[in-house]
Asks: 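Pasting a structure below so you can have a look.
In this chain, numbering begins with 1 at the start of the sequence shown.
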Amino acid sequence: QVQLVESGGGLVQAGGSLRLSCVASGRTFSKYTMGWFRHTPGKEREFVAGINWSGNTYYVDSVKGRFTISRDNAKNTVYLQMNSLKPEDTALYYCAAASDTYGSFQLRISSKYDYWGQGTQVTASS
């Protein structure tokens, strides 16, 4: 069993930055595919960014060039650096972990992930 705990959300003005962190329990963190998803009421949960065990990164088009996902295997932590935040980035952000290795397409599918955090709210005001 893997537990994920997110932190770092908050309220910022449009154009501002936040860094989300997700700490995972377990000794095999380095082998997991890690992802960030977001959910806004009335919309489906959306893939934001993912990183596999070898460090390859993937993003939804709307955040490319603004968000960066990274991982520190020594700290069992995955990060999401969010710059130039827009009001449309406002959502509840979830960290997720998958025990399998996925390619650029499957990594974007929420059902491929085995474990989820509780979420952290990000609000970018206009």
Asks: Strictly distance-based, threshold 3.5 Å: is any side-chain N or O of Asp72 a donor or acceptor partner for the main-chain N or O of Thr77?
Replies: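 No, because the side chain of Asp72 does not come within donor-acceptor range (under 3.5 Å) of the backbone of Thr77.
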Asks: Quick one: list whatever passes salt bridge (Lys or Arg N to Asp or Glu O under 4.0 Å) with Arg66, sequence neighbours left out.
Replies: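 Expected list: Asp89.
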Asks: Once you round to the nearest 0.5 Å, how far does OG of Ser62 lie from CD of Glu46?
Replies: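 If I round to the nearest 0.5 Å, the distance is 5.0 Å.
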Asks: Considering only distance and modelled atom types, tabulate donor-acceptor pairs under 3.5 Å from the side chains of residues 28-36, sequence neighbours left out.
Replies:
{"from": "Thr33", "atom 1": "OG1", "to": "Asp100", "atom 2": "O", "distance (Å)": "2.9"}

Asks: Taking side chain to side chain contact (heavy atoms under 4.5 Å, CB included) as the test, write out the residues that go with Ser17, two or more places apart.
Replies: Gln81, Asn83
Asks: Can you find a pair of side-chain heavy atoms, one from Thr90 and one from Thr40, that are under 4.5 Å apart?
Replies: no
Asks: Taking atom CZ of Phe67 and atom CZ of Arg19, what is their separation to the nearest 0.5 Å?
Replies: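 CZ of Arg19 is found 14.5 Å from CZ of Phe67.
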Asks: Which ILVMFWY residues are connected to Leu11, directly or by a chain of links, through side-chain heavy atoms under 4.5 Å apart?
Replies: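 None; Leu11 is a cluster of one.
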Asks: Ser70: what forms a side chain to side chain contact (heavy atoms under 4.5 Å, CB included) with it, not counting sequence neighbours?
Replies: Tyr79
Asks: Side chain to side chain contact (heavy atoms under 4.5 Å, CB included) with Ser25: which residues, sequence neighbours excluded?
Replies: Val2, Gln3
Asks: Identify all side-chain donor-acceptor contacts of residues 119-126 below 3.5 Å with residues at least two apart in sequence or on another chain.
Replies:
{"from": "Thr120", "atom 1": "OG1", "to": "Gly9", "atom 2": "N", "distance (Å)": "3.2"}
{"from": "Gln121", "atom 1": "NE2", "to": "Ala91", "atom 2": "O", "distance (Å)": "3.4"}
{"from": "Gln121", "atom 1": "NE2", "to": "Thr123", "atom 2": "OG1", "distance (Å)": "3.4"}
{"from": "Ser125", "atom 1": "OG", "to": "Val12", "atom 2": "O", "distance (Å)": "3.4"}

Asks: Which atom pair, heavy atoms only, marks the closest approach of Val63 to Val48?
Replies: CG2-O, 3.7 Å
Asks: Between Gln118 and Val5, is there a donor-acceptor pair closer than 3.5 Å when you use the side chain of the first and the backbone of the second?
Replies: no
Asks: Does atom CH2 (Trp53) have a neighbourhood of more than 12 heavy atoms from anything else shown, all under 6.0 Å?
Replies: no
Asks: List for me each residue that meets salt bridge (Lys or Arg N to Asp or Glu O under 4.0 Å) alongside Glu88, sequence neighbours excluded, and say none if there are none.
Replies: none
Asks: With disulfide (SG to SG under 2.5 Å) as the rule and sequence neighbours excluded, what pairs involving residues 24-73 come up?
Replies: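 Every pair satisfying disulfide (SG to SG under 2.5 Å) with a residue in residues 24-73: there are none.
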Asks: Would you call Leu20 and Met82 a side-chain contact if the rule is heavy atoms closer than 4.5 Å?
Replies: yes
Asks: For residues 3-120, pull every pair meeting disulfide (SG to SG under 2.5 Å), keeping only residues two or more places apart or in separate chains.
Replies: Cys22-Cys95
Asks: Which residues satisfy the ring pair (Phe, Tyr, Trp, His ring centres under 6.0 Å) test with Tyr94, sequence neighbours excluded?
Replies: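 Tyr94 satisfies ring pair (Phe, Tyr, Trp, His ring centres under 6.0 Å) with no residue once adjacent residues are dropped.
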Asks: What verdict does the side-chain contact (heavy atoms from CB on, under 4.5 Å) test give for Arg38 and Leu80, after you've listed the backbone C-alpha separation in whole Å, the side-chain angles of each residue and the deciding distance to 0.1 Å?
Replies: CA-CA 12 Å; Arg38 63 188 179 188; Leu80 185 67; over 6 Å; no
Asks: Please enumerate all residues that pass ring pair (Phe, Tyr, Trp, His ring centres under 6.0 Å) together with Phe47, with sequence neighbours excluded.
Replies: Phe37
Asks: In the structure I gave you, are the side-chain heavy atoms of Asn52 and Tyr102 within less than 4.5 Å of one another anywhere?
Replies: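 No, side chains not in contact.
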Asks: State yes or no: do Leu18 and Val23 share one hydrophobic cluster built from I, L, V, M, F, W and Y residues joined by side-chain heavy-atom distances below 4.5 Å, directly or via other members?
Replies: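 Different clusters.
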